[in-house]
Amino acid sequence: MNILSSHRWASTFAWTVVLGCLLAGTATAQTTVKRQYTEKLLCPMPPEAYDSTVISPDGRRIAYLVQAGQQRAAVIDGQQGKAYDRVGALTFSPDSQWYAYAARENNQWHIVVNGREQPGCAKIGRPTFSPNSKRLAYVALPAGGEKVQVIQLPGGPSEAYDRVFEGQIVFSPDSQQIAYGMCKGEKWYVVHDAQQYGPYDFLGTLTGLQFSADSKHLGFAALIDKQWCAVVDGKPQKLYENLGNLAFSADGQHVAYAAMEDGKWRVIVDGKPQAAYDAVGEDSLQFSPDGARLAYAAMAEGRWHAVVDGEQGRAFDGISQMLFSPDSKHLAYISQVGTAEMVVLDDRDGRVFDRVGGGTLVFTPGGSRLGYVARSGRASFVVVDAVRKPRYDMVGYLTFTPDGRHYVYAATKDTEAFTVIDDQEAAHRYEAIWTVPDARLIFDAQKKFHYLGLKEGNLYLVEEETD
């Protein structure tokens, strides 16, 4: 859950966690406007529920756990469910219409889906919804059993396994396929619908099981005779000392992964190795949306470089959050220069700040404009089109309107949280503004967006007009 609050702060970048106690009195006076908005009461919001709160993907529903005597209960949109000895793994489906959680009663664990208990078992894993929200799967150890099964709803249990790899189940983007790693005896296999790949000595954790965006390919890392290889569509690739991240292009036509050989790291693209480096940045490897370009961060002689289409860029002390624009024409990333940071756009240096918020880079839908969150001294602010905007105690959730003409974000000043559009503050105020983890303010139409606002112990769904 993300919270923007004058009292409490959590966001997609870790450095803002400490700002609540560090920043004060940094905001400047800005134009305040009375924008059209509506409030719908969702539920009371007790402070003790904050840590367990889950917001639905559409940002319109709320769930959390409360104490019910000696037991715990899930509260969904203000309605308290049945109390259990233990409750956890609370989640919403991608379409936000379903919720599920794990609950224990009388030493039996159940998955509860929209209030309906599934059959009890001795142990249970986290429920996983398919992308289309029509399927649910979880790992379960039957009562009195010694082996685990994967349970699918609708459907039924799989055959019995000794273990399921990290309890993780992966659905393909089109929701038609399912994959997971499992162990029989001392060997590991990957189950892909009716197929089994293996045996392997172990499975890699960094890449995990990864489908291509078009759902036509499955890739993962496997250990064979003390060496690692990428396995794509069940076919082992070349063996290496170690493997890093794996990435498919959006059209599924290309695959790339980081591999170590003779103590050096190379990115392998469609089976062809690129230049050798001391390290490749974790989670930096990515194709552009059109699949034509590839970028990653790599270290050589203690300095980090952006490598784009096989060409090594300038050296920095660090690189993070590499991001292609939606039209694939631009690439931005955060670079570290000594103790300071700046954003590099298309190999052009931006302004230098104390910090740039990791995970805050955002392009307009058309890709022509870039914004992010930064900090200098005790001031936090957004930067749009390389221009620093007004200072506040805290800022977050920066995004652009669907047409890319306006930028919108949330900010706090003293004890109030509010939205800001093109430097104009909304007149209506809250104690905190919340949204979906890793999300920004959510637009429903060209001029309409929504978020959750906390006020006087109650949580409201707030829908706001840009003008």
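Since this is a predicted model, take the numbers as computed values, not measurements.
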Participant: Starting from the C-alpha separation in whole Å, work towards a yes-or-no answer on side-chain hydrogen bond (donor to acceptor under 3.5 Å, both in side chains) for Tyr296 and Gln274.
Facilitator: CA-CA 12 Å; Tyr296 55 92; Gln274 295 197 346; 2.8 Å; yes
Participant: Hey, which of Glu465, Glu464, Glu463 is the one that makes salt bridge (charged side-chain N to carboxylate O under 4.0 Å, His left out) with Arg35?
Facilitator: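 Answer after filtering Glu465, Glu464, Glu463: Glu464.
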Participant: Compute the ring centroids of Phe129 and Trp98, then answer whether they are less than 6.0 Å apart.
Facilitator: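 Centroid distance Phe129-Trp98: not below 6.0 Å, so no.
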Participant: Once rounded to the nearest 0.5 Å, what's the spacing between atom CE of Met260 and atom CD of Glu241?
Facilitator: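 Going from CE on Met260 over to CD on Glu241, the span is 6.5 Å.
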Participant: Are Trp434 and Tyr50, when compared by the centres of their aromatic rings, separated by less than 6.0 Å?
Facilitator: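 Yes, the ring of Trp434 comes within the 6.0 Å limit of the ring of Tyr50, centre to centre.
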Participant: For Gly338, does its backbone N or O pair with a side-chain atom of Gln336 as donor and acceptor, under 3.5 Å?
Facilitator: yes
Participant: Relative to each other, are the rings of Phe363 and His330 parallel, tilted or perpendicular (30° and 60° limits)?
Facilitator: parallel
Participant: For the pair Phe418 and Thr32, evaluate side-chain contact (heavy atoms from CB on, under 4.5 Å) and give the outcome as yes or no after the intermediate values.
Facilitator: CA-CA 10 Å; Phe418 45 88; Thr32 301; over 6 Å; no
Participant: Looking at side-chain heavy atoms only, is the closest gap between Phe171 and Pro131 below 4.5 Å?
Facilitator: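 In short, these two side chains touch, coming nearer than 4.5 Å.
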Participant: Which heavy atom of Val113 sits nearest a heavy atom of Leu136, and at what distance?
Facilitator: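 Val113 and Leu136 have their closest heavy atoms at CG2-CD2, 3.4 Å.
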Participant: Give a yes or no on whether the backbone of Ala426 and the side-chain of Thr419 come within a donor-acceptor separation of less than 3.5 Å.
Facilitator: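 A pair under 3.5 Å: no.
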Participant: So, does Asn132 use its side chain to make a donor-acceptor pair with the main chain of Ser175 at under 3.5 Å?
Facilitator: no
Participant: Check this for me: Lys455, atom NZ, are more than 12 non-hydrogen atoms of other residues, nucleotides or ligands nearer than 6.0 Å?
Facilitator: yes
Participant: Compute whether any side-chain donor of one residue and acceptor of the other, for His192 and Gln177, lie under 3.5 angstrom apart.
Facilitator: yes
Participant: Taking the six-membered ring of Phe381, is NZ or CZ of Arg388 closer than 6.0 Å to its centre and within 45° of its axis?
Facilitator: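 Relative to the ring axis of Phe381, which defines the angle, Arg388 lies inside both limits.
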Participant: Can you tell me if Tyr180 and Glu166 form a side-chain donor-acceptor pair at under 3.5 Å?
Facilitator: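 No pair is found: no donor N or O on one side chain lies under 3.5 Å from an acceptor on the other.
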Participant: Any donor and acceptor pair, going by atom type alone, linking the side chain of Ser130 with main-chain N or O of Arg135 inside 3.5 Å?
Facilitator: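 Pair found, side chain donor or acceptor close to backbone of Arg135.
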Participant: Can you label the angle between the His217 ring and the Phe248 ring as parallel, tilted or perpendicular, going by 30° and 60°?
Facilitator: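 Aromatic pair His217/Phe248 classed parallel.
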Participant: Are Arg293 and Asp309 within salt-bridge range, i.e. N to O under 4.0 Å?
Facilitator: yes
Participant: Side-chain contact test, heavy atoms from C-beta onward, threshold under 4.5 Å: evaluate it for Leu239 versus Ile224 and give yes or no.
Facilitator: yes
Participant: Hey, is the main chain of Gly291 close enough, under 3.5 Å, to the side chain of Ser249 for a donor-acceptor pair?
Facilitator: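 Checked: no pair found.
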Participant: Kindly indicate, with the supporting measurements, whether the criterion salt bridge (Lys or Arg N to Asp or Glu O under 4.0 Å) is fulfilled by Lys413 and Asp393.
Facilitator: CA-CA 5 Å; Lys413 180 166 57 179; Asp393 293 343; over 6 Å; no
Participant: Could you please spell out the steps behind the side-chain contact (heavy atoms from CB on, under 4.5 Å) verdict for Glu282 and Asn245?
Facilitator: CA-CA 7 Å; Glu282 185 174 330; Asn245 291 106; 3.9 Å; yes
Participant: Backbone N or O of His406 within a donor-acceptor pair of the Asp422 side chain at under 3.5 Å?
Facilitator: no
Participant: Once rounded to the nearest 0.5 Å, what's the spacing between atom CG of Asp233 and atom NZ of Lys216?
Facilitator: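 If we round to the nearest 0.5 Å, Asp233:CG and Lys216:NZ are 11.5 Å apart.
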Participant: Looking only at non-hydrogen atoms, find the nearest pair between Leu243 and Ala221 and report the distance.
Facilitator: CD1-CB, 3.8 Å
Participant: Looking just at side-chain N and O atoms, do Tyr257 and Gln210 make a donor-acceptor pair shorter than 3.5 Å?
Facilitator: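 There is no such pair (donor and acceptor under 3.5 Å, judged by atom type) between the side chains of Tyr257 and Gln210.
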Participant: Looking at Arg60 and Asp444, is there a salt bridge between them, counting it only when a charged N and a carboxylate O are closer than 4.0 Å?
Facilitator: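 Yes, charged N to carboxylate O under 4.0 Å.
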Participant: So, Tyr240 versus Trp228, ring centres under 6.0 angstrom or not?
Facilitator: no
Participant: Ignoring hydrogens, what is the shortest heavy-atom contact between Gly59 and His450? Give both atom names and the distance.
Facilitator: O-CD2, 3.6 Å
Participant: Parallel, tilted or perpendicular: which describes the rings of Tyr277 and His305, with under 30° parallel and over 60° perpendicular?
Facilitator: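 The rings of Tyr277 and His305 sit tilted, inter-plane angle from 30° to 60°.
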Participant: Could you give me the CA-CA distance, side-chain angles and deciding distance for Asp290 and Asp327, then say whether side-chain contact (heavy atoms from CB on, under 4.5 Å) is met?
Facilitator: CA-CA 8 Å; Asp290 65 4; Asp327 62 3; over 6 Å; no
Participant: Any chance CZ of Arg303 has more than 12 other-residue heavy atoms, nucleotides or ligands included, within less than 6.0 Å?
Facilitator: yes
Participant: Quick one: CZ on Arg351 to CD on Glu341, what's the gap to the nearest 0.5 Å?
Facilitator: 15.5 Å
Participant: Taking C-beta and beyond as the side chain, do Val190 and Leu203 meet within less than 4.5 Å on heavy atoms?
Facilitator: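 Val190 reaches Leu203 side chain to side chain.
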Participant: Just by modelled atom types, is the Arg375 backbone N or O under 3.5 Å from a matching donor or acceptor in the Arg378 side chain?
Facilitator: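 No; judged by distance alone, with no hydrogens or angles, the pair does not exist.
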Participant: Hey, are the side chains of Tyr460 and Asn458 touching, using non-hydrogen atoms and a 4.5 Å cut-off?
Facilitator: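 The answer is yes, as the side chains (C-beta and beyond) meet within the 4.5 Å cut-off.
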Participant: Nearest 0.5 Å, please: how far is OG in Ser133 from CZ in Phe92?
Facilitator: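 Those atoms lie 12.0 Å apart.
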Participant: Do the non-hydrogen side-chain atoms of Val352 and Val337 ever get within less than 4.5 Å of each other?
Facilitator: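 No, their side chains stay 4.5 Å or more apart.
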Participant: Measuring from atom CG of Asp354 to atom OG of Ser376, what distance do you get when rounded to the nearest 0.5 angstrom?
Facilitator: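 These two atoms lie 4.5 Å from each other.
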Participant: Any donor-acceptor pair under 3.5 Å linking the side-chain atoms of Tyr64 with those of Asp51?
Facilitator: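 There is no such pair (donor and acceptor under 3.5 Å, judged by atom type) between the side chains of Asp51 and Tyr64.
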Participant: Does Tyr451 reach the side chain of Ile442, with side-chain heavy atoms less than 4.5 Å apart?
Facilitator: no
Participant: For Phe449 and Phe443, take the angle between the two ring planes, folded into 0 to 90°, and tell me which bin it lands in: parallel under 30, tilted 30 to 60, perpendicular over 60.
Facilitator: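 Because their plane-to-plane angle lies in the 30° to 60° range, the rings of Phe449 and Phe443 count as tilted.
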Participant: Using every non-hydrogen atom in the two residues, find where Ile76 and Ala63 come nearest and quote the distance to one decimal.
Facilitator: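 Where Ile76 meets Ala63 most closely, the heavy atoms are CD1-CB, 3.5 Å.
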Participant: Which atoms form the tightest heavy-atom contact between Ile178 and Ala137, and what is the distance?
Facilitator: CD1-CB, 3.9 Å
Participant: To the nearest 0.5 Å, what is the distance between CG on Leu153 and NZ on Lys134?
Facilitator: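 Here the interatomic distance stands at 16.0 Å.
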Participant: Counting only heavy atoms from other residues, nucleotides and ligands, does the tally under 6.0 Å from CZ of Arg126 exceed 12?
Facilitator: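 Count not over threshold, so no.
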Participant: Between Ser380 and Met394 (side chain of the first, backbone of the second, donor and acceptor by atom type, cut-off under 3.5 Å), is there such a pair?
Facilitator: no
Participant: Which word best sums up how the rings of Tyr99 and Tyr101 line up, parallel for under 30°, tilted for 30 to 60°, or perpendicular for over 60°?
Facilitator: parallel
Participant: Find out whether Arg314 and Val344 are in side-chain contact, i.e. whether some heavy atom of one side chain is under 4.5 Å from a heavy atom of the other.
Facilitator: yes
Participant: Dump the intermediate steps for side-chain contact (heavy atoms from CB on, under 4.5 Å) on Arg440 and Val408, then the final yes or no.
Facilitator: CA-CA 9 Å; Arg440 309 178 191 280; Val408 186; over 6 Å; no
Participant: For residues Pro326 and Pro365, report the shortest heavy-atom separation together with the two atoms involved.
Facilitator: CB-O, 3.3 Å
Participant: Closer than 3.5 angstrom, by distance alone: can the side chain of Ser215 be matched with the main-chain N or O of Asp174 as a donor-acceptor pair?
Facilitator: yes
Participant: Below 4.5 Å, heavy atoms only, C-beta onward: do Leu441 and Tyr397 meet side chain to side chain?
Facilitator: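 The answer is yes; the side chains approach within 4.5 Å.
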Participant: Once you measure the plane-to-plane angle for Phe220 and Tyr197, does it fall in the parallel (<30°), tilted (30-60°) or perpendicular (>60°) bin?
Facilitator: parallel
Participant: Is a donor on one side and an acceptor on the other found under 3.5 Å between the side chain of Asp346 and the backbone of Leu331?
Facilitator: yes
